[in-house]
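Single-structure report; data block below.
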Amino acid sequence: MIGTVRLVLTILGAVLSLAVLLPFYLAAMIVNAHAAIRIAGIWHRFVHWITGTRVIVTGTPSRDPPLLLLANQTSCLENNEHAGTLPVSFIAKQEVSTWPVFNWLARLQRSIFVDRERRHRTGEASDQVARRMADGEIIVLFAEGTSSDGNGVLPFRSALVGAAQRAVDGERMAALQPVAVAYRSIHGLPIGSQDRARVAWYGGMDLIPHLGRVLRDGAIDVHVVFAPALKLGRDGDRKAVAALAGNMVSQLVLDINRGRGPRNLE
């Protein structure tokens, strides 16, 4: 009963706050897209509050544009956590653009949709990412290419990392910053490997039932860790950089899952 009440209040709060902020967002879009994304961040932080989500941030986001964040993905909540922490846009899989409600929210966040099954479409998306990065936008790439169960991190894929190289020329370098996200507790109780499916959305899980369960639980503690940024130039090895970023994120997630503070990766 308490979980159902929490779910209803969360949905109502999210919808009403979105309705209040939407006119300001649309007005900002006419003037400056960067300002609009910052307004979207206000909504994401409010959703943190009404869901009882506590985001514990460690490390410092890079201040060196162009910046691409390379993150792992475990839950359907991660967009909210990233966007509530920084003014970011996302690279999303093409099928998200067909989901009711979620496609609209993704477009408000100025997400870039990628069809990974069609190489020429991936190239077009990379060009769009590069243009947006060159313009100073911070883009989040869920570099595993899919979501995992949260007990570990899948190898990072490098195809879209090449967009960072297209955003620079000459001797300029793009910043690629690994970002680890790990869910540590629910209502103050540590999450073990067997319980991580309570927050993880992966495999063949249906989104709506999973999201409903997560919102009914509420009071989640999630760690967001910014590792030191890596540099990638026009002629750099994107596969090597992606692999290094994946290893860094994997180490951080493992530390947090074991109840330790994230290690210093300097």
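Any value given below was found using the heavy atoms of this structure, including those in side chains, with hydrogens, waters and symmetry copies removed. Keep in mind that this is a model prediction, so the values were computed, not measured.
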Please check if the side chain of Glu81 supplies one atom and the backbone of Val181 the other of a donor-acceptor pair under 3.5 Å.
no
Decide if atom CZ of Arg107 counts as having more than 12 heavy atoms of other residues, nucleotides or ligands within a radius under 6.0 Å.
yes
Flag the pair Leu207 / Cys76 as yes when at least one side-chain heavy-atom distance between them is below 4.5 Å, and no otherwise.
yes
How many angstroms lie between atom CZ of Arg45 and atom OG1 of Thr85, to the nearest 0.5 angstrom?
8.5 Å
Who passes ring pair (Phe, Tyr, Trp, His ring centres under 6.0 Å) against Phe102, sequence neighbours left out?
none
Any non-hydrogen side-chain atom of Val179 less than 4.5 Å from a side-chain atom of Val249?
no
Using the rule side chain to side chain donor-acceptor pair (under 3.5 Å), only one of Glu78, His223, Arg198, Arg196 pairs with Tyr183; which is it?
Glu78
Classify the ring geometry of Trp201 against His210: parallel below 30°, tilted from 30° to 60°, perpendicular beyond 60°.
parallel
Is it possible for you to say whether Leu105 and Leu215 belong to one hydrophobic cluster, with membership spreading through side-chain heavy-atom contacts below 4.5 Å?
no
Could you report the tightest heavy-atom contact between His44 and Asn80, atom names first, then the distance?
ND1-OD1, 2.6 Å
Can you name the one residue among Ile186, Val222, Asp149 that meets side-chain contact (heavy atoms from CB on, under 4.5 Å) with Val199?
Ile186
Should the pair Lys231-Asp64 be classified as a salt bridge under the 4.0 Å nitrogen-to-oxygen rule?
yes
Before you tell me yes or no, could you show the steps for Leu69 and Leu67 under side-chain contact (heavy atoms from CB on, under 4.5 Å), namely the whole-Å CA-CA distance, both residues' side-chain angles and the distance that decides it to 0.1 Å?
CA-CA 7 Å; Leu69 303 181; Leu67 175 59; 4.0 Å; yes
Kindly give the heavy-atom pair with the smallest separation between Ala125 and Val114, and that separation in Å.
CB-CG2, 3.5 Å
Report, as yes or no, whether the 6.0 Å neighbourhood of atom CH2 on Trp99 holds more than 12 heavy atoms from other residues, nucleotides or ligands.
yes
Answer with yes or no after comparing the ring centroid distance for Trp43 and Phe46 against a 6.0 Å cut-off, counting only values under it.
no
Would a distance-only check, ignoring hydrogens and angles, find a side-chain to backbone donor-acceptor pair under 3.5 Å from Asn72 to Gly246?
no
In this structure, CZ of Phe113 is separated from NZ of Lys93 (nearest 0.5 Å) by 12.0 Å
Passes side-chain contact (heavy atoms from CB on, under 4.5 Å), Asp169 versus Arg172? Steps please.
CA-CA 6 Å; Asp169 51 29; Arg172 289 188 66 210; 4.1 Å; yes
Please say yes or no: joined through hydrophobic side-chain contacts below 4.5 Å, possibly via intermediate residues, are Trp104 and Leu12 part of one cluster?
no
Quick one: which residue pairs count as a side chain to side chain donor-acceptor pair (under 3.5 Å) with a foot in residues 233-250, not counting sequence neighbours?
Ser158-Arg238
Checking Gln73 side chain against Ser148 main chain: does a donor-acceptor pair fall under 3.5 Å?
no
So do the side chains of Thr98 and Asn103 get within less than 4.5 Å of each other, counting heavy atoms only?
no
Leu244: side-chain contact (heavy atoms from CB on, under 4.5 Å) partners, not counting sequence neighbours:
Leu230, Met248
Compile the donor-acceptor pairs under 3.5 Å between side chains in residues 23-36 and protein atoms, sequence neighbours left out, one pair per line.
from, atom 1, to, atom 2, distance (Å)
Tyr25, OH, Leu108, O, 2.2
Asn32, OD1, His34, N, 2.7
Asn32, OD1, Ala35, N, 3.2

Give the table of side-chain donor-acceptor pairs shorter than 3.5 Å for residues 128-143, with sequence neighbours excluded, one pair per line with atom names and distance.
from, atom 1, to, atom 2, distance (Å)
Arg132, NE, Glu137, OE1, 2.9
Arg132, NE, Glu137, OE2, 2.9
Arg132, NH2, Ser89, OG, 3.3
Arg132, NH2, Arg110, O, 2.4
Arg132, NH2, Glu137, OE1, 3.3
Glu137, OE1, Arg110, NH1, 3.0
Glu137, OE2, Arg110, NH1, 2.6

For the residue pair Ile220 and Leu77, establish whether any side-chain heavy-atom pair is separated by less than 4.5 Å.
yes
Between CZ on residue Arg213 and CD1 on residue Ile208, distance to nearest 0.5 Å
11.5 Å
Taking distance alone, no hydrogens or angles, what donor-acceptor pairs closer than 3.5 Å link side-chain atoms of residues 51-58 to residues at least two apart or in another chain?
from, atom 1, to, atom 2, distance (Å)
Thr51, OG1, Val47, O, 2.7
Thr51, OG1, His48, O, 3.2
Thr51, OG1, Thr53, OG1, 2.8
Arg54, NE, Asp221, OD1, 3.2
Arg54, NH2, Asp221, OD2, 2.7

Determine, using the 4.5 Å side-chain heavy-atom cutoff (strictly less than), whether Val96 and Val214 are members of one ILVMFWY cluster.
yes
Identify the heavy atoms of Ile50 and Ala14 that sit nearest to each other, and give their distance.
CD1-N, 3.6 Å
Quick one: CD1 on Ile91 to CD1 on Ile112, what's the gap to the nearest 0.5 Å?
5.5 Å
Determine whether Leu232 and Gln165 satisfy the following criterion, side-chain contact (heavy atoms from CB on, under 4.5 Å), listing intermediate values before the conclusion.
CA-CA 7 Å; Leu232 182 65; Gln165 294 176 295; 3.4 Å; yes
Are Leu21 and Val101 linked, directly or through intermediate hydrophobic residues, by side-chain heavy-atom contacts shorter than 4.5 Å (ILVMFWY only)?
yes
Any Pro209 side-chain heavy atom under 4.5 Å of Asp206 side chain:
yes
Looking at every heavy atom in both Phe156 and Ala242, which two are closest together, and how far apart are they?
CB-O, 3.4 Å
Quick check: is Ile37 connected to Leu22 through a chain of hydrophobic side chains (ILVMFWY, heavy atoms under 4.5 Å apart)?
no
Looking at every non-hydrogen atom in both residues, tell me the closest pair between Leu160 and Ser126 and how far apart they are.
CD2-OG, 3.3 Å
Please name the pair of heavy atoms, one in Gln109 and one in Ala40, separated by the smallest distance, quoted to 0.1 Å.
OE1-CB, 3.6 Å
Donor-acceptor under 3.5 Å (Ser185 side chain, Pro190 main chain)
no
Go through the side-chain N and O atoms of Gln94 and Ser97 and say whether any donor and acceptor fall under 3.5 Å apart.
yes
Distance-only, no hydrogens or angles: does the Glu144 side chain make a donor-acceptor pair with backbone N or O of Val153 under 3.5 Å?
no
